[in-house]
Amino acid sequence: MLSSGVSRPAKPRTVFDRDAEWGVLVAFAGDTRPGPGLAVVSGRLRQGKTYLLKALTAALGGFYFGAQSAAQAESLYRLGDELAQYTGTSPPSHWRGWEDAIDALLALGDRRPVPIVIDEFPDLVRQSPRLPSAIHSAFRRLRDTGRDNRARLLLSGSALPVMHRLFSAASPLHGLTDLELSLRPLDYRQAARLWNIEDPGLALLVHAVVGGTPAYWGYAGERAPRGLADFDAWVCRTVLNPRTPLFLEAHHLLQEETDHWDRALCHSALAAIASGCSTQGEIAERLGAPLTDAAHCLALLRENGLLHGEPDAFRPNLIRLRITEQLLAFEHAAVWPYRSALEQQDTGEVWRRARPVFDSAVAGPHFAQICRDWVMDFADPAVFGAPPPRRRPTAHSPTRRTVPAPTHKRRSWYEARPVPVPALCCRWESHAGTRSWTCTTWNTCGTSSTSSPPAARRSPTPDPPVTAVSASPPRSARPKPTDMWCSSTSTGCTGGGSQQ
């Protein structure tokens, strides 16, 4: 931790949100206790890892090195040149390999705690598989000799399967790790603040298209729709415009994440999920592929954080899949069938044909997911009653330094518990010529329950993003599954959806 005499640097104004992540990184990088420290920062592409780590090194006077796909000799030459510029000395000429380079980097912490960032660490490991062992040996030498070193090494990467493998229990770096931090996309409310959108309906539609990836705000020219009436035109001039980066971003994202595997099968699997298939069997049948090939493809997408599997509320042994990157869901549900037409026909006319599909297959399920996220992460426990008793998990950490994890979200008691919970059903309703979503709840046994928020709620719990919340009708009076989006608070959509 930072000593009482050391001031904690404030987060730069150019870094949006990420207050909890900034606090954790500053606490780790400024820890004045002796001994080297190792942190792991991971997250999907475009989430702002590099921007955040550069801001950290600038605030604390640290060293940043961004790796590239290159030969080992070139990477060592670049590292030596940048290290010489940082220290104001001549570039080293005697490095025989990564062992010497790691020793030189850790020597920066001989006088004070200093953050040392190696970004896109998996690119270096692909060139030099022995690099993790070299880091392990350097740390052991410092700790065994009792050298007064306070280097704070931060290894960052976007290749999630590689990062997980490098720091798994079988890796030599596993026992050295003091902090593991994962940067996730912004949620619905955070994204609305980033895009400066006050209308909750417009914020929902924009989030259904681009999700909570911070980089897409810049890709769209840092401009949001001026209102609900401008949403269609905004989609046409940004996501569907061949001259903007967002037009092919979904293809680039899948190309970079899947790492040369069968991308055609991955695209088809995402299209099947976006069309309503949610289990491995349904997806394999839709693809006309063997179940083993489909399972391999889906496992790859899950490892890269593009898919998320959740147990069905009524059949816990059945895993239902959903797309976590909203731009991929938008692309494969609403744009994929019209991709060739967008380059030949008027964009506005093509979007008018795709808009009904977007409303029913993208916006509807996404709204239901946002409601589930509100129930899981933000709702006061009194909304759905007291939580049932649960066995408290035990944790064991092999490290000597403990840094608190971010606590910007309160996880609910239901997580990972296959027990009956209230179901959430949302449907389109028309009032005076305007369309809106109406949500009701009932428990899994079919008994009505009221989901109106309590009179007093803990601050800063936000209100649910719905226009009306009422008691559910009796079973005989409930709408048909094709008229609503009905889902458990723990699973993907289990009903159908249509626009009324």
Original post:
Parallel, tilted or perpendicular for W234 and W195, by the 30°/60° rule?
Top reply: perpendicular

Original post:
Around atom CZ of R339, are there more than 12 heavy atoms of other residues, nucleotides or ligands at under 6.0 Å?
Top reply: yes

Original post:
In terms of side-chain geometry, is the basic nitrogen of R147 or D110 positioned less than 4.0 Å from the acidic oxygen of its partner?
Top reply: yes

**OP:** Can you measure from CG (D17) to CG (L52) and round to the nearest 0.5 angstrom?
**Re:** 10.5 Å

Subject >> Close side-chain approach of V125 and L166, heavy atoms under 4.5 Å >> reply: yes

Subject >> Check: D19 and E21 side chains under 4.5 Å, non-hydrogen atoms >> reply: no

Subject >> Heavy-atom closest pair, residues C277 and I283 >> reply: CB-CG1, 3.9 Å

Original post:
Do V40 and F167 pass the side-chain contact (heavy atoms from CB on, under 4.5 Å) test, and can you show the C-alpha distance, the side-chain angles, and the key distance before you say yes or no?
Top reply: CA-CA 8 Å; V40 181; F167 298 95; 3.3 Å; yes

**OP:** Measure the CD1-CZ distance between I116 and F63 for me, rounded to the nearest 0.5 Å.
**Re:** 8.5 Å

Original post:
Under a 4.5 Å cut-off applied to non-hydrogen side-chain atoms, are Y64 and I118 in contact?
Top reply: no

**OP:** Kindly indicate whether the side chain of D119, heavy atoms from C-beta on, has any atom under 4.5 Å from the side chain of V41.
**Re:** no

Original post:
Does the K11 side chain pair with the main chain of V15, one donor and one acceptor, at a distance under 3.5 Å?
Top reply: yes

**OP:** Using distance alone, with no hydrogens and no angle criterion, decide if Q326 and H366 have a side-chain donor and acceptor under 3.5 Å apart.
**Re:** yes

Original post:
Considering residues, nucleotides and ligands other than E198, do more than 12 of their heavy atoms fall under 6.0 Å from its CD?
Top reply: no

Subject >> Distance-minimising heavy-atom pair for A29 and L60 >> reply: CB-CD1, 3.5 Å

Original post:
Does any non-hydrogen side-chain atom of H251 lie less than 4.5 Å from one of H267?
Top reply: yes

Subject >> Spacing of CG belonging to N149 relative to CZ belonging to R141, to within rounding of 0.5 Å >> reply: 11.5 Å

Original post:
Backbone N or O of G305 within a donor-acceptor pair of the R44 side chain at under 3.5 Å?
Top reply: yes

**OP:** Return yes if some donor-acceptor pair links the side-chain N/O of N196 with the main-chain N/O of A192 below 3.5 Å, else return no.
**Re:** no

**OP:** Please report the C-alpha distance between F358 and V335 in whole Å, then the side-chain angles of each, then the deciding distance to 0.1 Å, and finally whether the side-chain contact (heavy atoms from CB on, under 4.5 Å) criterion is met.
**Re:** CA-CA 9 Å; F358 167 76; V335 181; over 6 Å; no

**OP:** Kindly indicate whether the side chain of L155, heavy atoms from C-beta on, has any atom under 4.5 Å from the side chain of I135.
**Re:** yes

**OP:** Search all heavy atoms of Q47 against all heavy atoms of P214 and return the closest pair with its distance.
**Re:** OE1-CD, 3.6 Å

Original post:
Salt bridge between D100 and R96, side-chain N to carboxylate O under 4.0 Å?
Top reply: yes

Original post:
Is the closest side-chain heavy-atom distance between L307 and R322 below 4.5 Å?
Top reply: no

Original post:
Rounded to the nearest 0.5 Å, how far apart are NZ of K49 and CG of L154?
Top reply: 13.5 Å

**OP:** Dump the intermediate steps for side-chain contact (heavy atoms from CB on, under 4.5 Å) on N304 and L300, then the final yes or no.
**Re:** CA-CA 6 Å; N304 284 277; L300 176 68; 3.5 Å; yes

Subject >> For L186 against F16, the heavy-atom pair lying closest together >> reply: CD1-CE2, 3.8 Å

**OP:** Determine yes or no for a side-chain-to-main-chain donor-acceptor pair under 3.5 angstrom, with R152 supplying the side chain and D31 the backbone.
**Re:** yes

Original post:
What do the steps show when you test Q127 against S75 for side-chain hydrogen bond (donor to acceptor under 3.5 Å, both in side chains), and what is the final call?
Top reply: CA-CA 9 Å; Q127 311 160 16; S75 297; 2.8 Å; yes

Original post:
If you measure from the Lys or Arg side-chain nitrogens to the Asp or Glu carboxylate oxygens, is any gap between E74 and R78 under 4.0 Å?
Top reply: no

Original post:
With a 4.5 Å limit on heavy-atom distance, are the side chains of L253 and L327 in contact?
Top reply: no

Original post:
In Å, rounded to the nearest 0.5 Å, how long is the span from CD of Q280 to CD1 of I319?
Top reply: 9.5 Å

Original post:
Would you say R263's side chain and Q255's backbone share a donor-acceptor pair under 3.5 angstrom?
Top reply: yes

**OP:** Could you tell me whether R372 and E310 make a salt bridge, using a distance below 4.0 angstrom between a side-chain N and a carboxylate O?
**Re:** no

**OP:** With rounding to the nearest 0.5 Å, note down the distance linking CG in L176 to CG in L38.
**Re:** 6.0 Å

Original post:
Going by distance alone, is a donor N or O of one side chain under 3.5 Å from an acceptor N or O of the other, for E249 and Y219?
Top reply: no

Subject >> Audit row: V210, F330, side-chain contact (heavy atoms from CB on, under 4.5 Å) steps and yes/no >> reply: CA-CA 8 Å; V210 295; F330 172 80; over 6 Å; no

**OP:** Step by step, work out the salt bridge (Lys or Arg N to Asp or Glu O under 4.0 Å) result for E256 and R46.
**Re:** CA-CA 12 Å; E256 294 173 355; R46 322 285 195 262; 3.4 Å; yes

Original post:
Taking all atoms of both residues into account, what is the closest heavy-atom pair of W22 and A59, and its distance?
Top reply: CH2-CB, 4.0 Å

Subject >> Shortest non-hydrogen contact between L153 and F139, atoms and distance >> reply: CD2-CE1, 4.0 Å

**OP:** Fit a plane to each ring of Y188 and H207, take the angle between them on a 0 to 90° scale, and name the class: parallel (under 30°), tilted (30 to 60°) or perpendicular (over 60°).
**Re:** perpendicular

Subject >> Donor-acceptor contact below 3.5 Å, side chain H332 vs main chain L328 >> reply: yes

Original post:
Under the 3.5 angstrom rule, does the side chain of T145 hit a backbone N or O of L142 as a donor-acceptor pair?
Top reply: yes

**OP:** Count the heavy atoms of every other residue, nucleotide or ligand shown that sit under 6.0 Å from CZ of R112, and state whether that count exceeds 12.
**Re:** yes

**OP:** Give a yes or no on whether R184 atom CZ has more than 12 heavy-atom contacts from other residues, nucleotides or ligands under 6.0 Å away.
**Re:** no

**OP:** Please confirm whether the backbone N or O of P36 pairs with a side-chain atom of R143, one donor and one acceptor, at under 3.5 Å?
**Re:** yes

Original post:
When you check the side-chain N and O atoms of Q190 and R193, is any donor under 3.5 Å from an acceptor?
Top reply: no

Original post:
So is R18 actually on top of Y51's ring, under 6.0 Å and inside 45° of the axis?
Top reply: no

Original post:
Any sub-3.5 Å donor-acceptor pair from T177's side-chain atoms to L179's backbone N or O?
Top reply: no

Original post:
Does S137 reach the main-chain N or O of A134 with its side chain, forming a donor-acceptor pair under 3.5 Å?
Top reply: no

